[in-house]
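Comments concern the structure below.
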There are 2 protein chains.
Amino acid sequence: MTDSEGSQRTETLQGPTPAAACDLIARGLDRGAIVTAYGRCTVDYDGRASSRLEAGHRHVMLKPDGAALVHTDEGQQPVNWQPPGCDHEVVREDDALVLESVRSTPNERLRVRFEDVLQVSAFSGSDENDLALVGTEEDLRQRILEEPDLLEAGFTPLATERETPAGAVDIYGEDAADRAVVVELKRRRVGPDAVSQLRRYVDALERDLHADAAVRGVLVAPSVTDRASGLLTEHGLEFVALEPPAE
Amino acid sequence: MTDSEGSQRTETLQGPTPAAACDLIARGLDRGAIVTAYGRCTVDYDGRASSRLEAGHRHVMLKPDGAALVHTDEGQQPVNWQPPGCDHEVVREDDALVLESVRSTPNERLRVRFEDVLQVSAFSGSDENDLALVGTEEDLRQRILEEPDLLEAGFTPLATERETPAGAVDIYGEDAADRAVVVELKRRRVGPDAVSQLRRYVDALERDLHADAAVRGVLVAPSVTDRASGLLTEHGLEFVALEPPAE
DNA sequence: TGTTCCATGTCGGGT
DNA sequence: ACCCGACGTGGAACA
């Protein structure tokens, strides 16, 4: 069953024989299509870890960039997958259809063995558009750089991504009294990890400047958890409630 | 085009009219099927952040648990998505077909507007099997509990998930000299964040025990980055190279 | 390639 | 619900 609308193409087989399914998939992979298969299968993975999934009905997608996704009827995340950069292969084994996606560095292998293929499809067509996303940490940074008083009156940003021995500081600046200020940004409510991160930067910068004057550390986020709040106090760090711009 | 094999069903339409596509999708959602659509569409998301994606060819999957996935021909991750728990809806608007997935807490809305639907499908069939995964942090923990000498000669595990004011410690125990030992496990090579985490636990435990004797902190992972190694030294923490069991 | 950190992270377990 | 940390995290930017 083929549909040809100019350069866009879709091919599908329902309840195909293994041979027919294998053929459609092979041709789909060959011409750089997105290939999907649905049916009863087992899934084996071996690489950074190892897994096995007993027989059940799943949806498999092979992308032309080498990514592979195995989805069940539940969950946002695939139950098994392979990152882009893999080589896809389709072979027949006895009465079964086997899809295999392999990569190196690290050596990883994903193997889906269909004992019953209910549908296979191949979709062609590229996507030249990028996602326009708003509300990220970068947007929050822009907001502060444009209006430093949002952090506190008299704050002056001096650098972004300033390097320290502990890593790059989101915003580095000075307060009204010319004290060094390290600002760590988070787009959402923060826990203990963000406080530790800020602490690393403050420690490193104090050492780096080997100044007597202490470096101030300010965490900027929509809100903090209790534990994180305690850690902030404990380490003499500060918090400013601020969200990424809404639009 | 319907295929009925007992209780397993797949339905597919190629190059359907908006009305036919809408009908198939509505019935699919109704009976708890996985619904997919492929075609030229725009995608809008608004919630924790906001995004817009101009027209292009994408593959959309709606799951019966409320998850939604929009995939392009590249990348392991969907370009847009919605977590499980959403309500899916399909409506016709002018000549277009619109899929909408909405949830609350937080309020989020995903809207896919197809100006051209090349294929729609509905797949039924559940998956009662769980994934059997080996090589996780839990496996690494078991390995050490069964053979504590892997950490160091004379180590005695006393508790797992021991609570401290900073959170739960992976393994808590004593060394040959009866000194308290905090063990933090990572299944893969670690960076600065893991060192900070271990440090939080050691600090908290020292305070908790208000003992004079210092608490030892040991990071167990396959390897460490340079920066993390420096941080370990700086804070008097230790490292033991150990991997999760391979099988 | 290796390191570091963000993410609409997602997911599971605990309180 | 919120908190917390693991994840085969994935992905990008930078050295």
Side-chain angles (χ1 to χ4, degrees), chain A residues 45-51 67 69 74-85 103 105-110 131 133-141 161 163-164 166-170 184-194 196-197 200-201 223-229 244, chain B residues 45-51 67-70 74-85 103-110 131 133-141 161 163-164 166-170 184-194 197 200-201 223-229 244:
Chain A
Y45 154 74
D46 194 63
R48 288 167 290 175
S50 303
S51 72
L69 302 166
E74 289 184 347
Q76 172 178 343
Q77 298 303 129
V79 63
N80 276 113
W81 68 91
Q82 204 66 290
R103 70 161 173 166
T105 61
N107 252 359
E108 293 196 296
R109 175 179 307 264
L110 179 69
L131 185 73
L133 182 64
V134 173
T136 64
E137 181 182 303
E138 173 59 25
D139 295 315
L140 177 56
R141 166 164 39 185
E161 298 298 320
E163 282 298 334
T164 76
V169 168
D170 281 341
E184 174 61 30
L185 308 173
K186 294 294 170 191
R187 69 170 303 283
R188 66 171 189 174
R189 184 173 175 85
V190 293
D193 52 338
S196 289
Q197 193 183 348
R200 284 207 306 274
Y201 296 152
S223 57
V224 217
T225 66
D226 281 351
R227 194 120 76 187
S229 181
Chain B
Y45 155 73
D46 195 61
R48 288 164 290 174
S50 302
S51 73
L69 302 166
V70 183
E74 287 184 351
Q76 172 178 343
Q77 298 302 131
V79 63
N80 276 113
W81 69 91
Q82 204 66 290
R103 70 162 174 165
S104 46
T105 59
N107 252 358
E108 293 196 294
R109 174 179 308 265
L110 179 70
L131 185 72
L133 181 64
V134 173
T136 63
E137 181 182 302
E138 173 59 23
D139 295 314
L140 177 56
R141 165 163 39 180
E161 298 298 320
E163 282 299 334
T164 74
V169 168
D170 281 341
E184 174 61 29
L185 308 173
K186 294 295 171 191
R187 71 167 304 283
R188 64 171 189 176
R189 184 174 174 85
V190 293
D193 51 340
Q197 194 184 343
R200 285 204 306 273
Y201 296 151
S223 58
V224 219
T225 66
D226 282 350
R227 192 118 79 188
S229 180

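We name chains A, B, ... by the order of the sequence lines, and we start the count at 1 in each one. Here the structure is a predicted model, which is why all the values come from computation and not from measurement. Just the heavy atoms: all of them, side chains too, but no hydrogens, waters or symmetry mates, feed the values below.
Of all nucleotides listed (C:dC6, C:dT10, D:dG8), C:dT10 comes nearest to the side chain of B:W81. The side chain of B:R227 has C:dT4 as its nearest neighbour among D:dC4, C:dT4, C:dT3. Of all nucleotides listed (C:dG2, D:dA6, D:dG10), C:dG2 comes nearest to the side chain of B:R189.
When heavy atoms are screened at a 4.0 angstrom cut-off, A:E163 is found touching no nucleic acid atom at all. Across all strands shown, B:N80 has heavy atoms under 4.0 Å from base atoms, whether or not it also approaches the sugar-phosphate. Contact annotation for A:R187: backbone-only contact, meaning every heavy-atom pair under 4.0 Å involves sugar-phosphate atoms and none involves a base. When heavy atoms are screened at a 4.0 angstrom cut-off, A:P106 is found touching no nucleic acid atom at all. Heavy atoms of B:P244 sit nowhere under 4.0 angstrom from any nucleic acid atom.
Checked by atom type, the side-chain pair A:D139/A:T136 shows a donor-acceptor distance below 3.5 Å.
Taking 4.0 Å as the cut-off between side-chain N and carboxylate O, B:R141 and B:E161 count as a salt-bridged pair.
Both A:D226 and B:L185 lie close to DNA chain D; mapped to their nearest nucleotides by heavy-atom distance, the more 5′-ward contact belongs to A:D226. Each of A:E138 and B:V190 lies near DNA chain C, and the nucleotide nearest B:V190 is the one positioned closer to the 5' end.
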